[in-house]
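The structure under discussion appears below in the form of structure tokens.
Sequence lines set the chain letters: A, B, ... in the order given, protein chains first and strands last, and positions in each chain run from 1.
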Protein chains: 2
Amino acid sequence: MITTQNKPTKEKIIEAAYYLVRSKGITKMTMEAVADKAGISKGAVFYHFSTKELLIEAMVKQLFNNFDSQLNQEYENEGKLGGRTQSYLKTTFLMHDQEENELSVALLAALVNNPDLLKPAKEYYEIWQNQLENDQINPVIATIVRLTTDGLWFSELFGLAPIDKTLRDQLYETLSELINSAKK
Amino acid sequence: MITTQNKPTKEKIIEAAYYLVRSKGITKMTMEAVADKAGISKGAVFYHFSTKELLIEAMVKQLFNNFDSQLNQEYENEGKLGGRTQSYLKTTFLMHDQEENELSVALLAALVNNPDLLKPAKEYYEIWQNQLENDQINPVIATIVRLTTDGLWFSELFGLAPIDKTLRDQLYETLSELINSAKK
DNA sequence: ATTATTGTACCGCCTGGTCAGTATAGTTGT
DNA sequence: ACAACTATACTGACCAGGCGGTACAATAAT
């Protein structure tokens, strides 16, 4: 009851925060700027997130929850040997096609403000890595798949020789084949 | 007077800056803290780097120059088909074994303060990616190698399920084999 | 009326950057 | 030889602006 009432404003705040980090850079994500972008006052922002760290924590958690559930959803349609690896590959590539990479944006915001905020992210990653290493295929191949997609993020996050669409499509296919050929 | 290792002040400043970012986080890399760590006054720091951006620029440039020359040095002993890819793989893995990953640390410091400071990094990356795509082997494989090692950085930078030594060694071998099997 | 939410005004701290001046070593003029 | 001057390296005190956070009044919701 209370939670449903809180939702809209809280989400507006989080969205505003994303927008700022993505378009203006992390340093411009001030609580006042967030308030302006969300169309409310600074006091209201602090009412919902009594500290900046709590806001960032919410950003990180939200995104990782989304990603994880999308991962699991994909997995159910997949199953079988190398299924989790296939899901990971598919989900990350899907994510990339849609808009900006909000995950790394949130990670960055967290890292800059307080590395402890990365904790939920770390926990998820441990789970994923574990799943990949026990996916009934060669764990080294599974790890290559994970790291390649992470590297894709990295390159886009920093804008360091980002991979264009055609090469990315080829990447997807080659990695997918790699998974299939690694089935025992 | 025996040659007392009296490093130039500029280097001491840069080293102090690295230390701070690496151990305390980016936010703690203030010009005052750098001065303290370097054992000089704040004014002295600004004497050598009239702005914080210039200091960070120096950090980024130095590291990328080092990396690039190490890359080329490795390449000379290598040559052949897929030589550049092999060099890239080797150099990054060597880098990882020694100390912390200062490259990404510098990148982060740059990104946080002013994305323009990434320019030299971008230029190098464009060159590298270009070399990899024209290495007389399947460019997709070459790119996978690059992105996997970048992903390795990423995971260490954020501490997200970093890869342990044994798996990393296996990664190296598998990637190396992948390069060889991609020779035409 | 009571509670939940939001606006306004403000505070204290930190940070990048400035500035006037100092110390020292080398150079020049006489 | 000696004073005057210059260049380089550095100090320490200071400032203006921005930021997270607070206090409290005002309004909206139940």
Side-chain angles (χ1 to χ4, degrees), chain A residues 1-21 23-60 106 108-117, chain B residues 1 3-60 106 108-117:
Chain A
M1 171 167 65
I2 298 167
T3 49
T4 48
Q5 281 172 338
N6 289 351
K7 222 176 177 184
T9 316
K10 270 196 171 176
E11 274 184 20
K12 272 199 290 182
I13 294 171
I14 292 178
E15 273 173 28
Y18 280 131
Y19 173 83
L20 285 170
V21 181
S23 59
K24 306 275 173 70
I26 320 128
T27 44
K28 303 287 178 181
M29 185 204 142
T30 70
M31 293 301 261
E32 205 166 352
V34 169
D36 285 353
K37 186 69 201 170
I40 57 177
S41 73
K42 201 172 154 185
V45 174
F46 274 95
Y47 173 78
H48 291 284
F49 301 97
S50 59
T51 183
K52 192 179 184 180
E53 293 195 351
L54 284 173
L55 170 54
I56 295 172
E57 193 186 21
M59 294 166 74
V60 174
L108 226 117
L111 186 62
V112 168
N113 281 272
N114 181 359
D116 293 342
L117 296 174
Chain B
M1 182 183 70
T3 58
T4 45
Q5 175 92 351
N6 220 348
K7 283 184 187 172
T9 313
K10 269 196 172 180
E11 276 183 25
K12 275 199 288 184
I13 293 172
I14 292 179
E15 274 174 26
Y18 279 131
Y19 173 83
L20 285 170
V21 181
R22 208 189 308 128
S23 60
K24 306 273 173 70
I26 319 129
T27 44
K28 303 287 180 182
M29 185 204 143
T30 69
M31 292 302 259
E32 204 168 353
V34 169
D36 284 352
K37 185 69 200 172
I40 56 177
S41 72
K42 199 173 156 185
V45 174
F46 274 95
Y47 174 79
H48 290 285
F49 300 97
S50 59
T51 182
K52 191 179 184 181
E53 294 193 351
L54 284 173
L55 169 56
I56 295 172
E57 193 186 20
M59 294 165 76
V60 175
L108 226 119
L111 186 61
V112 168
N113 281 271
N114 180 0
D116 295 341
L117 296 175

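Applying the 3.5 Å distance criterion, the base of dG7(C) shares no donor-acceptor pair with the side chain of Lys42(A).
Across the protein-nucleic acid pair, Lys12(B) atom NZ and dA9(D) atom P stand 13 Å apart, rounded to whole Å. Atoms CD1 (Ile40(A)) and P (dT27(D)) sit 18 Å apart, rounded to a whole Å. Whole-Å rounding puts the Glu32(A) CD to dG17(D) P distance at 15 Å. As a whole-Å value, the separation of Leu20(B) CG from dG16(C) C1' is 16 Å. In this structure, NZ of Lys10(B) is placed 9 Å from P of dA9(D), rounded to the nearest angstrom. For Met31(A) and dC10(C), the CE to P distance is 21 Å, given to the nearest whole Å. Atom CD1 of Ile26(A) is separated from atom P of dC19(D) by 14 Å (rounded to the nearest Å). Between the CZ atom of Phe46(A) and the P atom of dT8(C) there is a distance of 16 Å, given to the nearest Å.
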* What's the verdict on side-chain contact (heavy atoms from CB on, under 4.5 Å) for Val45(A) and Lys10(A), showing C-alpha distance, side-chain angles and the deciding distance? -> CA-CA 8 Å; Val45(A) 174; Lys10(A) 270 196 171 176; over 6 Å; no
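When side chains are defined from C-beta on, Leu117(B) does not count as touching Val60(B), because their heavy atoms never get closer than 4.5 Å. The shortest side-chain heavy-atom distance between Leu55(A) and Met29(A) falls under the 4.5 Å cut-off. By the 4.5 Å heavy-atom criterion applied to side chains, Ile40(A) and Ile13(A) are counted as neighbours.
Nearest nucleotide to the Thr9(A) side chain, out of dG21(D), dC10(D), dT6(C): dT6(C). The side chain of Thr30(B) has dT15(C) as its nearest neighbour among dT6(C), dT15(C), dC10(D).
Within the structure, side chain to side chain donor-acceptor pair (under 3.5 Å) pairs that include any residue of residues 34-56 of chain B comprise Glu53(B)-Asn114(B) (at least two apart or interchain).
At a non-hydrogen distance threshold of 4.0 Å, Tyr47(B), His48(B) from residues 47-57 of chain B come into contact with DNA chain D.
For Glu15(A), there are no salt bridge (charged side-chain N to carboxylate O under 4.0 Å, His left out) partners two or more places apart in sequence or in a different chain.
Residue Met29(A) is the one, among Met29(A) and Gly43(A), whose nearest nucleotide of DNA chain D lies closer to the 5' end (criterion: closest heavy atom).
Side-chain atoms of Tyr18(A) come within 3.5 Å of backbone N or O of Met59(A) as a donor-acceptor pair.
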